[in-house]
Amino acid sequence: MSKEKPSIPKGTRDFGPAVVVKRNYIFSVIKRTFQKFGYLPLETPAMEQLSVLTGKYGEEGDQLMFKILNNGLHEKKEAEKEKLQEHWNKLLSQPYSTPAITERALRYDLTVPFARFVVMHRNDITFPFKRYQIQPVWRADRPQKGRYREFYQCDADVVGTNSLLCEAEIVQMIDEVLTTLGLTDFTIKINHRGILAGMAESIGAKGKEGEICVAIDKLDKVGQAGVRKELLEKGYLDSRIDQLFEILKVSGTFDEKLLSLANKIKSPIGEIDDTFELNEQKITINDLNNPDNITDWKHKKAITDLKGVETYLKGFKFNHFERLEFDPTLARGLSYYTGCIFEVKVNNVSMGSISGGGRYDNLTGMFGLPGVSGVGFSFGVDRIYDVLEELQLFPESSQVGTRVLLVQFDKESELYALPLLQALRDAGISAELYPEATKLKKQMNYADQKKIPFVILIGSEEMASGKLKLRNMQSGEQQDMTLPEIITQLLTPEA
RNA sequence: GUGGUUGUAGCUCAGUCGGUUAGAGCACCAGAUUGUGAUUCUGGGGGUCGUGGGUUCGAGCCCCAUCUUCCACCCCA
């Protein structure tokens, strides 16, 4: 007999019945919306080949990946042991994984496996291909609030089209899901990798938008002073940082911000590229609507993409523009995004982003299928759950369960109850019979604990008369009724 | 990966300066009540004080290690 206390790995959780019911409610809202927009379900294995995943999420991602130890390692033949030892030493000496030790890993997100799927089945699927996927992913991150090592993502992605219609629909889906869940105060932030690249170039840091992004993404957290400090440490000059803040100083409506930024990043201030002609032409709102009028400038696409998304949304008569914010400081790290990027924040709750996504032009290219652009986003269910719990937004109706419990007294009443139980179930009422003829107190208590709203008592009197005793557990009222009457009553929605 | 934090009954937590047999509320079980839950009353069970070492005559309390929780970084859903 082991005295060992059972436990589960760090950052993982069990979900009890009450929690699963609520989680399923969230899943169902998300699924319904995805399907409404024409996305179909897909599932992929929990583990992928390590080679499929490595290098797709940057250095950090590679480190946070759960790698799977090859099986049979302890059974290797004597002759191979020395070689194996070598590999182990290599593995222990530095962050390096050898195929002799590990060649599989748990999936880190759903987008890369999806790209892998698309490439593998390129001949079987019709493009544009729209799929949604709701499965757990694993990251060896250190657990924190809203941060787990095993968590669910709900992805919707479409590959095989460049159309900004997809981006616009993503905004709509986010808005619809969160609104349906009862959330009202949230912000869908949108930005574009081209904006970030343009800002980097404008301060003479072409190609280094990575470290600039990491810094400015914290603007709302540590303020200008904090960002300045970080950039100074990275070797940027004060004057350059001033330029950066000047560019970021945008305000007003979506269009006003876009226009302001368009003029600020149209021409690099720093390290002038000889092949690039300084464009003094002032961009106007008209130019945004007819971008062909503008002579080409770097990162024009970022501006016209964002404008295009807005135009589609206006066409949809999207009426929640106050929730859509163009935020040039939004800098999502995932290394594969190339176009628009999204992030969603619920306001006035202590929780990071609950959704994010973006367009990626070269994910399938990494698997040998170039020229297939894709865009997608993901909901973090675990975080949405915490937010709904904090705001007490789970509806009572989302709590499903048994509606009526049959209480038995002895073998005779148990047998008598069986056809009744079946009839109730046939009528679509979730019903259960207490499986033992124990004391009434115990059976009633069971109904109470499970919050079963009705109990049917079947004793000798009831069997003799055919009138069953239906007890309302909330009010305590009971009345004698025939089975058809009971079924009618239970099917009537509560007033 | 860095810095901090937490762990005592199923749950939430007390536990004084290191000193006898570690407590409370809730929950659970039984009875009051052999055809009635939630309310009331009475009684009961339940602890290797996260784990492993150390200091001490003596450790829930002090020291070290380790695991876990939560938080801030890095990064991210």
Side-chain angles (χ1 to χ4, degrees), chain A residues 3-13 16 26 30 57-65 95 108-111 134-155 174 210-211 213-215 217-218 221-222 226 230 330-335 337 341-346 350-358 377-387 405 407-410 413 434 437-463 468-478:
Chain A
K3 279 176 129 184
E4 176 188 316
K5 281 186 186 170
S7 63
I8 55 174
K10 181 196 273 214
T12 66
R13 296 149 301 156
I26 300 175
I30 292 173
Y57 313 100
E59 212 175 302
E60 189 90 16
D62 287 352
Q63 284 172 15
L64 294 182
M65 217 175 291
Y108 184 84
D109 75 352
L110 301 178
T111 310
I134 300 181
Q135 290 190 280
V137 303
W138 294 269
R139 295 182 190 177
D141 213 348
R142 207 179 268 205
Q144 235 181 87
K145 185 178 176 68
R147 241 170 167 186
Y148 309 95
R149 287 186 155 182
E150 176 183 66
F151 62 96
Y152 272 71
Q153 286 195 329
C154 305
D155 272 42
I174 293 172
E211 54 187 37
C213 289
V214 167
D217 191 39
K218 295 174 196 152
K221 211 170 183 177
V222 300
E230 180 166 340
L330 168 62
R332 302 205 70 240
L334 273 191
S335 46
Y337 291 132
I341 48 182
F342 304 98
E343 190 164 292
V344 181
K345 174 90 180 66
V346 179
S350 53
M351 181 62 70
S353 67
I354 58 166
S355 175
F377 74 111
S378 180
F379 286 113
V381 180
D382 306 86
R383 287 188 173 184
I384 292 176
Y385 182 97
D386 289 346
V387 167
L405 175 76
V407 164
Q408 59 163 314
F409 289 84
D410 48 32
S413 72
Y434 196 88
T438 53
K439 275 179 290 197
L440 261 198
K441 182 182 171 109
K442 181 145 188 165
Q443 302 190 50
M444 298 293 288
N445 192 45
Y446 176 80
D448 192 46
Q449 291 297 316
K450 268 187 93 171
K451 294 195 169 37
I452 300 173
F454 293 97
V455 163
I456 295 174
L457 297 162
I458 305 166
S460 49
E461 294 168 27
E462 287 78 13
M463 285 188 280
L468 310 172
K469 195 148 274 170
L470 179 70
R471 179 179 176 88
N472 180 323
M473 291 296 281
Q474 210 187 341
S475 65
E477 291 167 11
Q478 353 189 95

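Convention: sequence-line order gives letters A, B, ...; per-chain numbering from 1.
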Can you tell me the distance, in whole Å, between the CZ atom of A:Arg142 and the C1' atom of B:U68? 12 Å
Apply side-chain contact (heavy atoms from CB on, under 4.5 Å) to the pair A:Ile458 and A:Gln408, showing each step before the final yes or no. CA-CA 6 Å; A:Ile458 305 166; A:Gln408 59 163 314; over 6 Å; no
Taking the side chain from A:Arg139 and the backbone from A:Asp109, do they hold a donor-acceptor pair closer than 3.5 Å? no
Chi angles and distances behind the side-chain contact (heavy atoms from CB on, under 4.5 Å) call for A:Asp62, A:Glu59: CA-CA 5 Å; A:Asp62 287 352; A:Glu59 212 175 302; 5.8 Å; no
Return the nearest nucleotide to the side chain of A:Lys469; candidates are B:A77, B:U36, B:C75. B:U36
Expressed in angstrom and rounded to an integer, what is the separation of A:Ile8 atom CD1 from B:C67 atom C1'? 14 Å
A:Met444 CE - B:G35 P separation (whole Å): 13 Å
Which nucleotide in B:G35, B:C74, B:A77 has an atom nearest any side-chain atom of A:Tyr148: B:A77
Donor-acceptor under 3.5 Å (A:Arg147 side chain, A:Arg142 main chain): no
Heavy atoms only, 4.0 Å cut-off, all strands: where does A:Glu343 land among base, sugar-phosphate and nothing? nothing
Is the distance from OP1 or OP2 of B:G37 to the nearest side-chain N or O of A:Gln443 less than 4.0 Å? no
Rounded to whole angstrom units, what separation is found between the NZ atom of A:Lys442 and the C1' atom of B:G37? 14 Å
Over all strands shown, is A:Val407 touching base, sugar-phosphate only, or nothing at heavy-atom distances under 4.0 angstrom? nothing
OP1 or OP2 of B:C28 under 4.0 Å from side-chain N/O of A:Gln449: yes
Please tell me which of the listed nucleotides, B:A77, B:G35, B:U36, lies nearest to the side chain of A:Gln478? B:U36
What distance, rounded to whole Å, do you find between the two P atoms, one in B:U2 and one in B:U8? 26 Å
Would you say A:Ser413's side chain and A:Phe409's backbone share a donor-acceptor pair under 3.5 angstrom? yes
Assign A:Phe379 to base, sugar-phosphate, or nothing according to its heavy-atom contacts below 4.0 angstrom with the strands shown. nothing
Check against side-chain contact (heavy atoms from CB on, under 4.5 Å), A:Val222 and A:Glu230: CA-CA 10 Å; A:Val222 300; A:Glu230 180 166 340; 6.0 Å; no
Whole-Å distance between B:U68 C1' and A:Arg13 CZ? 16 Å
Measure the distance from CE on A:Met65 to C1' on B:C75 and round it to the nearest whole Å. 14 Å
Got a donor-acceptor pair under 3.5 Å from the side chain of A:Asn445 to the base of B:G37? no
Taking any heavy-atom pair under 4.0 Å as a contact, classify A:Tyr446: base, sugar-phosphate, or nothing. nothing
Tell me whether the OP1 or OP2 atom of B:U68 has a side-chain N or O from A:Lys10 closer than 4.0 Å. yes
Heavy atoms under 4.0 Å, any strand shown: does A:Ser7 hit a base, just sugar-phosphate, or nothing? nothing
Between the base of B:C75 and the side chain of A:Arg147, is there a donor and acceptor pair under 3.5 angstrom? yes
Using only side-chain N and O atoms of A:Lys145, determine if any of them is under 4.0 Å from OP1 or OP2 of B:A72. no
Name the nucleic acid region contacted by A:Gly11, choosing base, sugar-phosphate or nothing; use a 4.0 angstrom heavy-atom cut-off, strictly under. sugar-phosphate
What distance, rounded to whole Å, do you find between the two P atoms, one in B:G7 and one in B:A14? 8 Å
C1' spacing across the pair B:C49 / B:U6, given as an integer number of angstrom: 14 Å
Backbone N/O of A:Met351 and side chain of A:Lys345: donor-acceptor pair under 3.5 Å: yes
Dot-bracket pairing map - RNA chain B, Watson-Crick plus G-U, both contacts under 3.5 Å, | cross-strand: ((((..(..((((.....[...)))).(((((.......))))).....(((((..]....))))))..))))....
Check: A:Tyr108 ring centroid to A:Tyr57 ring centroid under 6.0 Å: yes
Pick base, sugar-phosphate or nothing for A:Gly146, based on heavy-atom distances below 4.0 Å to the nucleic acid. base
Please report, rounded to the nearest Å, how far the C1' atom of B:G31 is from the NZ atom of A:Lys441. 9 Å
Once you apply a heavy-atom cut-off of 4.0 Å, does A:Ser353 come out as touching a base, just sugar-phosphate, or nothing? sugar-phosphate
Could you give the distance separating B:U40 and B:G25 at their P atoms, to the nearest angstrom? 14 Å
Is A:Lys218 close enough to B:A72 that one of its side-chain N or O atoms is under 4.0 Å from OP1 or OP2 there? no
I'd like the C1' distance from B:G52 over to B:C13, given in whole Å. 26 Å
Atom NZ of A:Lys221 and atom P of B:A72: how far apart are they, to the nearest Å? 8 Å
Rounded distance in Å between the C1' positions of B:U68 and B:A59: 22 Å
Classify the nucleic acid contact of A:Gly61 as base, sugar-phosphate or nothing, counting any heavy atom under 4.0 Å across all strands shown. nothing
Check every strand shown and say whether A:Leu64 touches a base, only sugar-phosphate, or nothing at a heavy-atom separation below 4.0 Å. nothing
For the side chain of A:Arg149 and the backbone of A:Asp141, is there at least one donor-acceptor N/O pair under 3.5 Å apart? yes
When the C1' atoms of B:U55 and B:C64 are considered, how many whole Å apart are they? 11 Å
Using atom C1' in both nucleotides, what's the gap between B:G45 and B:A27 to the nearest angstrom? 13 Å
